[in-house]
Amino acid sequence: MQKEISKTFESGKREVEIYQLWEKSGLSNPDIMKEYLEKEGFEVKSPFTITLPPPNANGTPHLGHMCGYAFHDVIGRYNRMTGHPTLLLPGKDHAGIQTEVVFTKHLASQGIDKQKMGREEFYKECYEFCIVNMKEAREYEQRIGLSADFSREIFTLDERLTKIVYETFYKMYEDGLVYRDKRIVNQCPNCKTALADIDTEHEERRGIFAYIIYPFVNEEGKKLAKEKFGVEGITIATTRPETMLGDTAIAVNPNDGRYKEFIGKKVLLPIANREIPVIAEEETDIETGTGALKITPAHSPIDFEIGKKHDLPIVNVIDEDARMTGDIPERFKGMGTIDCSKALVKELDEMGLLVKIENIKHEVAICERCKTAIEPIISNQWYLNVESLAQRALEALKKGGISVIPPGQQKALEHFYENIQPWCISRQLWWGQRIPVWYSGGKKMFDWLNENKGKSIQDFEKEFNTKATGSGEIFLGEDMPESQNGEIWEQETDVFDTWFSSGQWPYTTLGGPDGEDFKKYYPTQMMIHGRDILFWWTARMLMFGLYRTDQVPYSLALLTGIILAPDGSKMSKSKGNGVEPSEVFEKYGADALRMWYYSDALPGSNSPLREEKIKGNRNFVTKIWNASRFILMNIDDSEVEVIVNAKVNETERVKSTKAHVKKVKKYIEKCQFNLGAEEIRGFFWHQVCDVWIEEVKAEIKDHEIGSKVRIEKLTELLYILKENLKIMHPFIPFVTEGVWQELVKLGLAKGLLMSQQI
RNA sequence: GGAUGAUUAGCUCAGCUGGUUAGAGCACUACAUUCACAUUGUAGGGGUCAUUGGUUCGAAUCCAAUAUCAUCCACCA
């Protein structure tokens with residue numbers, strides 16, 4: 001008799017329904033899964049945990065995110081089906097700077113000025129903005145089939161999480177690892193905040209190389225120079241003439257014969273009219289420019305180091321908005337750096353001190369987020385001395401406590417740890433976790449005392465001609481401390497670098513080192529993310545994890561491939577070559593997309609989106625549906641009970657199926673998902689469908705309903721189908737569950753495929 | 001400048017610790033088929049496995065050099 005099973009697996013509609021079925025079961029919650037295993041009498045193995053990488057809450061997920069989820073889910077489902085109460089813990093990241101930039105733009109597009117809005121209101125509205133995005137992101141996560149425990153979903157700005165992040169900060173302060181320091185930092189004039197070195201990129205841009213003469217102060221020097229160089233001074237070459245106003249020396253290589261006799265002499269810095277020395281510095285490259293290097297400690301990282309070495313004064317001439325400032329001629333004050341550069345070059349030319357200007361291309365540091373050229377300036381920031389933390393992480397790596405796939409990236413990580421520098425963790429933003437520090441008497445006084453070691457509050461009062469309003473100490477905590485002697489407490493305005501909190505993700509999400517979930521589910525088993533954030537994220541998580549929990553937060557970092565646009569370029573909104581996940585879901589379904597990821601987005605590879613391949617996988621999904629449907633159609637209602645209770649004979653087909661299942665399990669355990677995907681596809685399609693079903697078709701052809709041959713053959717075939725569905729489920733959960741539920745309807749199976757044991 | 005990885009069919013890539021005629025998906029060709037399959041099946045074409053040396057009974061696989069590409073790191077004024 002004809003059974004009512006639709007002719008195709010309508011992925012668009014069915015996938016959503018099936019997800020609801022899973023959600024209702026609650027089995028994504030490991031506590032519930034554990035109860036289920038106990039109740040059913042299955043062996044309960046150790047819990048399996050992954051704290052899922054939180055996507056940025058400022059936008060919607062793209063195909064790259066989906067790829068990560070697909071890999072998490074195949075592993076999660078497999079573990080759940082092999083007896084491990086499995087926790088895939090989802091969350092969202094506030095993504096500090098990026099979100100602040102995005103939301104500020106969003107406000108501007110509505111004609112709203114961020115500054116006028118004020119900090120509190122901005123934070124509140126940005127939070128709401130994120131909540132909306134988070135909801136949408138969650139829908140996508142569920143759409144790809146992610147069997148995460150959404151009852152535990154958490155946001156990085158959640159109070160519970162922030163509390164733990166603050167505890168880490170306090171502990172680090174006590175351990176002397178975090179401190180305030182005045183040094184050169186990368187300032188993004190557009191985002192108006194300091195950035196860590198890692199948050200900058202380098203890009204080749206067009207620029208100028210200006211050759212400028214710095215004349216000697218005394219006649220003797222002038223004469224000597226005139227004889228040697230034909231001009232009365234040393235010619236330096238610079239890409240940034242405007243920084244000359246902050247020059248405090250000229251450096252030459254001591255081995256450079258041209259300049260040997262000038263070392264120690266003084267030149268007159270043109271326009272600024274300041275006398276600066278010629279110093280010997282081995283770092284100076286004889287080949288570059290004229291071999292003479294102007295030193296601006298306040299506005300160049302390398303000059304800062306040289307200045308420190310030679311104890312040179314620091315003269316600030318550029319402020320945090322990239323405008324000219326400080327002790328410079330009035331006419332330049334407030335100018336942008338580029339305008340100032342032009343004006344200076346013109347004046348120098350008129351004075352006869354400009355030799356020439358070359359147009360060159362050179363690498364400049366830019367802001368990773370907004371691509372604005374970085375302005376190195378001196379400022380007070382909070383730093384984390386990561387050296388000891390990096391050391392521990394490095395040891396763990398080398399001892400094999402954690403491994404990275406692909407292995408080449410592990411070496412990159414080791415290299416990162418070996419060359420790590422103090423991490424600037426403060427950001428001059430509103431969006432993020434406010435650094436929990438209060439300054440008695442104000443931040444300005446604290447910084448002044450900090451940078452002028454040995455000076456007293458009285459000196460401060462004298463210097464600024466004011467009355468101190470506190471002791472100059474700091475207090476760590478969220479709430480303002482009580483005023484004892486009438487001192488005034490000023491709250492820190494900076495927030496933490498977003499990675500300071502996301503770096504603690506594996507334990508903050510579990511309630512911190514004292515949390516209930518932490519005790520049950522930490523350490524986690526693995527972490528999967530794009531290799532583009534290896535240093536930002538995995539590097540930090542290992543350091544924080546070891547620091548706070550004395551354990552590696554996970555023992556395996558699996559880096560996925562990067563999903564590219566069909567033409568092989570990076571998908572980007574600005575280029576308009578992106579493909580929305582919703583389009584793919586609608587056209588081919590989540591299972592087909594997942595299969596493509598497993599086959600193509602291998603660790604270490606870049607995978608251009610190939611629609612025809614996803615289509616091929618869609619055909620596979622259809623094949624599964626139809627083959628299953630055919631088997632079910634062949635089983636007569638009257639045969640159901642007999643078949644369900646029949647013993648499965650150990651035939652060649654059954655043996656071969658068992659061997660297949662074993663093989664796929666091995667592939668999954670070794671994270672060789674491409675091989676696993678190929679194996680399930682090849683076996684089901686070309687063995688089960690093309691050969692066995694055809695054989696059975698012939699074998700039962702002339703036998704009556706209920707006959708021994710039919711029962712035997714159909715029992716065998718049903719067994720093969722079920723085993724295949726189970727092993728395919730972690731890869732393509734929707735269609736397999738869809739078929740399973742048809743079996744359930746006919747009384748041929750029970751429960752959810754999701755919780756069956758392999 | 002440094003590091004890491006890649007180079008295998010038209011395309012995207014598999015090929016683990018070296019072992020008989022080198023694989024998959026998609027694309028292509030021919031035939032069959034509307035019998036569960038918005039199709040599917042069968043058969044087939046297509047590769048000096050980047051180049052050159054070496055180790056070995058045997059190399060796509062190990063080693064060395066070269067070339068090209070990619071990604072990451074780096075303060076070049």
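Just so it is clear: chains get the letters A, B, ... in the order the sequence lines come, proteins before strands, and each one is counted from 1.
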Item to complete: Tell me whether the guanidinium CZ or amine NZ of A:Lys697 lies under 6.0 angstrom from the six-membered ring centre of A:Phe630 and within 45° of its axis.
Response: yes
Mind checking [X] for me? I need base, sugar-phosphate or nothing, with any heavy atom below 4.0 Å counting as a touch.
X	result
A:Ser300	nothing
A:Lys615	nothing
A:Asp303	nothing
A:Glu305	nothing
A:Asn619	sugar-phosphate
A:Phe304	nothing
A:Leu675	sugar-phosphate
A:Thr288	base
A:His686	sugar-phosphate

Whole-Å distance separating the [atom1] atom of [X] from the [atom2] atom of [N]:
X	N	atom1	atom2	value
A:Tyr667	B:C16	OH	P	11 Å
A:Asp690	B:A43	CG	P	10 Å
A:Glu418	B:A74	CD	C1'	15 Å
A:Trp596	B:C26	CH2	C1'	13 Å
A:Glu611	B:A27	CD	P	12 Å
A:Trp625	B:A36	CH2	P	16 Å
A:Phe684	B:C37	CZ	P	15 Å
A:Asn253	B:A77	CG	P	17 Å

Worksheet, complete the sentence: Here RNA chain B, pairs taken as Watson-Crick or G-U under 3.5 Å and shown with ( ), [ ] when crossing and | when to another strand, reads (((((((..((((.....[...)))).(((((.......))))).....(((((..]....))))))))))))....
Worksheet item: Would you call A:Lys398-A:Glu418 a salt bridge at under 4.0 Å N-O?
Response: yes
Worksheet entry | Distance (rounded to the nearest 0.5 Å) between A:Leu384 CG and A:Met543 CE | 7.0 Å
Say you pick atom [atom1] in [N] and the same atom in [M]; how far apart are they, in whole Å?
N	M	atom1	answer
B:A64	B:A22	C1'	25 Å
B:C16	B:U8	P	16 Å
B:U4	B:C49	C1'	23 Å
B:A9	B:C26	C1'	12 Å
B:C57	B:G47	P	32 Å

Discussion item. Between B:A36 and A:Glu694, counting only base atoms on the nucleotide and side-chain atoms on the residue, is there a donor-acceptor pair under 3.5 Å?
Written reply: yes
Practice prompt. Please test A:Leu559 against A:His529 for side-chain contact (heavy atoms from CB on, under 4.5 Å), starting from the C-alpha separation and ending with a verdict.
Written response: CA-CA 5 Å; A:Leu559 308 182; A:His529 60 77; 3.5 Å; yes
Worksheet item: With syn defined as a glycosidic torsion within 90 degrees of 0 and anti otherwise, which applies to B:A14?
Response: anti
Every protein N/O within reach of nucleotides 7-13 of chain B N/O, cut-off under 3.5 Å:
| from | atom 1 | to | atom 2 | distance (Å) |
| --- | --- | --- | --- | --- |
| B:C11 | O2' | A:Arg610 | NH1 | 3.4 |
| B:C11 | O2' | A:Arg610 | NH2 | 3.4 |
| B:U12 | O2' | A:Asp600 | OD2 | 3.1 |
| B:U12 | O2 | A:Lys613 | NZ | 3.0 |
| B:C13 | OP1 | A:Asn606 | O | 2.8 |

Discussion item. Here's a test of your reading of the structure: between A:Gly616 and A:Ile693, which maps to the more 5' nucleotide of RNA chain B?
Written reply: A:Gly616
Worksheet, complete the sentence: For A:Leu344 and A:Pro241 the tightest heavy-atom approach is CD1-O, 3.7 Å
